[in-house]
Protein chains: 2
Amino acid sequence: MTDLKSGPNPLFLRHDQLHQGIELLFYAYRDFTAECDAILATYGFGRAHHRVIYFVARSPSISVAELLAILRITKQSLSRVLSQLVSEGFVSVQKAQEDRRRRLLQLTDKGSVLERRLSEVQRARIGAAYRAAGGDAVEGYRKVLLGIIDENDRRRFEE
Amino acid sequence: MTDLKSGPNPLFLRHDQLHQGIELLFYAYRDFTAECDAILATYGFGRAHHRVIYFVARSPSISVAELLAILRITKQSLSRVLSQLVSEGFVSVQKAQEDRRRRLLQLTDKGSVLERRLSEVQRARIGAAYRAAGGDAVEGYRKVLLGIIDENDRRRFEE
DNA sequence: GATTTTAAGTCAGTCATGTTGACTTATATG
DNA sequence: CATATAAGTCAACATGACTGACTTAAAATC
């Protein structure tokens, strides 16, 4: 039962194959975040600040509710990091014209500088991994991670 | 400058391609851990307990120092969760015969039950993603994540 | 126009998990 | 015997998550 032959595309996945995939995700996430954590610490920020900065950069004028849906945290949790970022001049807020209840978030120039610094580090790491692995591997990486993500959030990656 | 054609294995990686890869990792990690977090909460445990249980299961008789090297946390951080797991009977400790300073960790039967429950959830998720993506994609997933991991830790994945 | 719903913010308290620093104990090694 | 190593401990602190209760302002609905 344990020594089934594993072809190139096995229908039956052995536990140790799956555990390898689990561990790769753990180690990769650990190392992917570590460099930025060190940079953020020099600003008195943490990983939570990075996530806000990152997603505001990707979607300028994102609303608070949209950001909460991405991060899957409570508004009280977001509030602490967001109000820090706003009061220290990394993020600016303006009311939406159509619906003046909504607050739209942008990076300030200062915020953009930090975002670029952080993103350059992460692009360098993932870029090196992409180049070393090759284009087909990148496609596989995308397919598998997309399959891990909750179904409702996969549409974020349709182009 | 922005509309370079992207072949199947582009040497030049556009920022938005890299950002997609970054976001896939973020969402996948977020969703990969969420289910287990909910199970762990019913035991009064958190993600840190899971990591200990997981890696002790993979390497029975792992030492405290080896576990610290994997988790990249301080011994004081590990101490809290590990001593909880030991006092509640999920992990057992015994001195190494050759070097009686080293403490070797094992799962108890109770610990193994929990480990299997958690790993089944994660194997199901990654297994479904693997099957949906196909064998070549899995190979790509592995290659890219391996490239993201710090060089010194890549040897963990040599067989 | 009054009521209800929605978007966001706030206050207060708690918990999990990480950190640093200082120190102890037991054991192995030079 | 002296030193180095593996592990544990005590204390204090930071970060980032949580729940619950409440407020404010604006939009939507009855």
Side-chain angles (χ1 to χ4, degrees), chain A residues 26 29-30 33-34 36-56 61-88 91-105, chain B residues 26 29-31 33-34 36-56 61-88 91-106:
Chain A
F26 166 76
Y29 197 83
R30 182 197 69 175
T33 50
C36 283
D37 286 351
I39 295 170
L40 290 155
T42 69
Y43 288 78
F45 291 155
R47 204 175 287 179
H49 301 84
H50 187 191
R51 294 198 272 248
V52 172
I53 288 171
Y54 179 88
F55 285 107
V56 171
S61 293
I62 191 174
S63 71
V64 171
E66 287 166 329
L67 197 48
L68 288 174
I70 290 172
L71 301 176
R72 297 249 184 103
I73 57 175
T74 59
K75 64 179 172 179
Q76 296 93 326
S77 283
L78 175 59
S79 171
R80 186 171 21 201
V81 292
L82 181 55
S83 53
Q84 265 182 281
L85 289 168
V86 171
S87 73
E88 296 184 29
V91 171
S92 67
V93 184
Q94 61 179 115
K95 291 186 180 175
Q97 291 183 330
E98 345 76 61
D99 182 345
R100 287 159 40 77
R101 291 171 304 181
R102 302 177 71 221
R103 307 297 156 88
L104 307 183
L105 308 175
Chain B
F26 166 76
Y29 196 81
R30 182 198 68 175
D31 295 341
T33 50
C36 284
D37 286 351
I39 294 170
L40 289 156
T42 69
Y43 289 78
F45 292 153
R47 202 175 290 179
H49 301 84
H50 187 190
R51 293 199 271 248
V52 171
I53 287 170
Y54 180 87
F55 284 107
V56 171
S61 292
I62 191 173
S63 71
V64 171
E66 286 166 329
L67 196 48
L68 287 174
I70 290 173
L71 301 176
R72 295 249 183 105
I73 58 175
T74 59
K75 64 178 172 177
Q76 295 92 327
S77 280
L78 175 58
S79 171
R80 188 168 21 204
V81 292
L82 182 55
S83 53
Q84 266 183 279
L85 289 168
V86 170
S87 74
E88 297 185 29
V91 170
S92 67
V93 184
Q94 61 179 117
K95 292 186 179 175
Q97 291 184 329
E98 346 74 63
D99 182 345
R100 288 159 39 81
R101 291 172 304 181
R102 301 176 73 219
R103 306 297 155 90
L104 307 183
L105 308 175
Q106 286 91 23

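Throughout, a chain's letter reflects where its sequence line sits, starting with A, and its residues are numbered from 1. These numbers come from the heavy atoms of this one structure, side chains and all, not from hydrogens, waters or symmetry mates.
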Tell me whether the OP1 or OP2 atom of [N] has a side-chain N or O from [X] closer than 4.0 Å.
X        : N      : answer
B:Thr74  : C:dT19 : yes
A:Arg100 : D:dA26 : yes
B:His49  : C:dT17 : yes
A:Arg51  : D:dA17 : yes

Side chain of [X], heavy atoms from C-beta onward: which of [options] has the nearest atom to it?
X        : options                : result
A:Val81  : D:dG16, C:dG18, D:dA21 : D:dG16
A:Lys75  : D:dC18, C:dG18, C:dG9  : C:dG9
B:Lys95  : C:dT17, C:dT10, C:dT27 : C:dT27
B:Arg47  : C:dA8, D:dA7, C:dT17   : C:dT17
A:Ser79  : C:dT10, D:dC18, C:dA26 : C:dT10
B:Arg101 : C:dT6, C:dA28, D:dC18  : C:dA28

Could you check how far [atom1] of [X] sits from [atom2] of [N], rounded to whole Å?
X        : N      : atom1 : atom2 : result
A:Leu85  : D:dG16 : CG    : C1'   : 13 Å
A:Leu40  : D:dA14 : CG    : P     : 18 Å
A:Leu67  : D:dG16 : CG    : C1'   : 15 Å
A:Gln76  : C:dC15 : CD    : C1'   : 15 Å
B:Leu78  : D:dT9  : CG    : C1'   : 13 Å
A:Arg72  : D:dC18 : CZ    : P     : 12 Å
B:Leu104 : D:dA7  : CG    : C1'   : 12 Å
A:Leu105 : C:dG9  : CG    : C1'   : 13 Å

Nearest-nucleotide wise, let me know which of B:Arg103 and B:Ile73 is further upstream toward the 5' end of DNA chain C.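 Its nearest nucleotide lies further toward 5', so the answer is B:Ile73.
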
Select from A:Ser83 and A:Asp99 the residue whose nearest nucleotide in DNA chain C is closer to the 5' end of that strand.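 Nearest nucleotide further toward 5': that of A:Asp99.
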
Any donor-acceptor pair under 3.5 Å linking the side chain of A:Arg30 with the backbone of B:Ile70?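 Present.
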
Quick check on DNA chain D: between A:Ala48 and B:Val64, whose nearest nucleotide comes earlier from the 5' end?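 Nearest-nucleotide comparison on DNA chain D picks B:Val64.
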
Please examine the side chains of B:Val56 and B:Ile53, heavy atoms only from C-beta on, and report whether any two atoms are closer than 4.5 Å.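 Not in contact.
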
Drop me the distance from B:Leu67's CG to B:Arg103's CZ, to the nearest 0.5 angstrom.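 Taking CG in B:Leu67 and CZ in B:Arg103, the distance rounds to 15.0 Å.
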
Looking across every strand, which nucleic acid part, if any, lies under 4.0 Å from A:Arg80 by heavy atom: base, sugar-phosphate, or nothing?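 Contact class for A:Arg80: base.
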
With heavy atoms under 4.0 Å as the rule, sort B:Glu66 into base, sugar-phosphate or nothing.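 Nothing, no heavy atom under 4.0 Å.
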
Would you please classify the geometry between the A:Phe45 ring and the A:His49 ring as parallel, tilted or perpendicular, with 30° and 60° separating the classes?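 Correct class here is parallel.
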
Heavy-atom closest contact (B:Ser61 atom, B:Gln106 atom, distance):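 Taking every non-hydrogen atom into account, OG-NE2, 2.8 Å.
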
Nearest heavy-atom neighbours spanning B:Val52 and B:Leu78: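 In terms of heavy atoms, the two residues are closest at CG2-CD1, 3.6 Å.
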
